[in-house]
Amino acid sequence: MELKEERLRSLLLRGLVGDASAYHIFLSELTAHLRSFVRRRLAHLPEEVEDLVQELLLAIHNQRHTYDSAQPLTAWVQAIARYKLIDLLRRRSRTSGLHDPLDDDYDLLAAADGDAAEARYDLAKLLQQLPDRQRLPILYVKIEGRSVADAAKRTCMSESAVKVGIHRGLKALAGRIRSIQ
Amino acid sequence: MKTEDWVSMLATGVDAIDPKRTARRHFLAIIGGLLAALAFTGGILRFNPALSHLMSRPMFWVREAYCAALALLGFAAVTRLARPGTRLGFVPAGIGTVVLVMWIFAATVLVTAPPQNRSRLIFGTTAGVCPFLIALVAVPLFIAVLWVLRGLAPTQLRLAGAAAGFAAGSLGALVYSLHCPELAAPFLGTWYLLGMLIPTSLGAWLGPRLMRW
């Protein structure tokens, strides 16, 4: 587990200085741990598992600037996972009155679940709800893989506006996902 | 949507994160709030004309140290609560200690004072307005701290909101003290604290409403 923590932490730190392939590996490897963490706690709601896994990945991505490199990665990820899990259960409990005990041990990296899976929401539909200044930068840069400079040319926006659009758009996406559940 | 596609989308074209830029933006927001609080105190309430005279009394500096210590602890709490997975550590005990020391000091002052002076030591001449004016001076600071927190990722929203209110309230009290004529420890332990607790409770109420992510 400590080796795993060290490995994921160094991948994330490389991602934070702009190494996209290290960051990709970080998110992929973390996914299996998140899935196993969520699945154990949502045993009675199997249809929610993958939605929450993707919501967590988005939250981790959006909040990656709040990771302090002096801090254990597990503590940071687990706090985000618990926050989102409680948030989901609270939203659901308004309709179904569910209350789940959440344990506090740091067991995130103890298990992994590598099943490939799909969430129920559709990125294309979610994107359509965003304004163009956020939707187009995400479409060009994050989905089609174009450079920021290219996206700037296509949208007639400045490069920094494209970056801001991506950043705000992904945050807005997190808001949309919360509101459909 | 397949999770692996989701991961690819997130990881595509990521930029380097510049922690210094974020820190600078947050610092500027707090400075902006502080300047607005100073402008309100100096421009509308007016700085105390006897300020230079008051500054020569040790109690003036006790009062400033009391507010400044609570403000530092309040901002320490905000910084910690702003990031997932960090703990409050010494901060609650620190706040408790500062308040307790002021209360013990206030009790000593009251016990040793002649009985007919006690009510004046507690209520001064401005007890009725002091907490509200502190809360008012704290408003721009409160907005700045909440804005900063909204850009970060607090996971205990009620507590984070309360910490934001407390930090703003105690720094607001420090600014307000440039107007305020009161120096008695019983007054500071009561009405100053109450003034700080107004934004604190407001923050506890607003936290879950404003800081969801």
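Residue numbers start from 1 in every chain, and the chains themselves are labelled A, B, ... in the order their sequence lines are given, proteins ahead of strands. Worth knowing before you read on, the calculation uses all heavy atoms, side chains too, and leaves out hydrogens, waters and symmetry mates.
Using a cutoff of 4.0 Å between basic side-chain nitrogens and carboxylate oxygens, Asp87(A) and Arg212(B) are scored as salt-bridged.
Going from atom OG1 of Thr12(B) over to atom CD1 of Ile166(A) covers 10.0 Å, rounded to the nearest 0.5 Å. If you take CG on Leu10(B) and NZ on Lys142(A), they are separated by 6.0 Å, rounding to the nearest 0.5 Å. Between the CG atom in Asp5(B) and the CD1 atom in Ile143(A) there is a gap of 10.0 Å [rounded to 0.5 Å]. Atom OG1 in Thr66(A) sits 6.5 Å away from atom CZ in Arg83(B) (nearest 0.5 Å). Atoms OG1 and CD, on Thr3(B) and Gln54(A) in that order, are 4.0 Å from each other to the nearest 0.5 Å. Remark: Met1(B) CE to Leu126(A) CG distance equals 9.5 Å, nearest 0.5 Å.
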- Apply side-chain contact (heavy atoms from CB on, under 4.5 Å) to Asp15(B) and His167(A), showing your working. CA-CA 10 Å; Asp15(B) 244 346; His167(A) 179 70; over 6 Å; no
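Atom CZ of Arg57(B) has 12 or fewer neighbouring heavy atoms from other residues, nucleotides or ligands inside a 6.0 Å radius. Residue Leu3(A) qualifies as open at atom CG: its count of foreign heavy atoms under 6.0 Å is 12 or below.
By a heavy-atom distance cut of under 4.5 Å, Gly151(B), Leu152(B), Ala153(B), Pro154(B), Thr155(B), Leu157(B) are the residues of residues 149-167 of chain B near chain A, going up by number. Within residues 21-34 of chain A, the residues having any heavy atom under 4.5 Å from a heavy atom of chain B are, by residue number, Tyr23(A), His24(A), Leu27(A), Ser28(A), Thr31(A).
The most heavy-atom pairs under 4.5 Å with chain B, out of Leu170(A), Asp122(A), Leu58(A), come from Leu58(A). Heavy-atom pairs under 4.5 Å with chain A peak, among Gly13(B), Pro19(B), Ser8(B), at Ser8(B). Counting heavy-atom pairs closer than 4.5 Å to chain B, the top-ranked of the candidates Asp19(A), Val53(A), Asp68(A), Leu123(A) is Leu123(A). The choice from Arg64(A), Arg146(A), Lys171(A) that makes the most heavy-atom pairs within less than 4.5 Å of chain B is Arg64(A).
Both the backbone and the side chain of Ala119(A) come within contact range of chain B, judged by heavy atoms closer than 4.5 Å.
Trp76(A) places no side-chain N or O within 3.5 Å of a backbone atom of Gly85(B) that could act as its donor or acceptor partner. Proximity of a side-chain donor or acceptor of Glu50(A) to a complementary backbone N or O of Lys2(B) within less than 3.5 Å is not detected. Judged by distance alone, with hydrogens and angles left aside, the side-chain atoms of Tyr83(A) form a donor-acceptor pair with the main-chain N or O of Trp213(B) at under 3.5 Å.
When every heavy atom of Ala11(B) is checked against every heavy atom of Ala20(A), the shortest pair comes out as O-CB, 3.7 Å.
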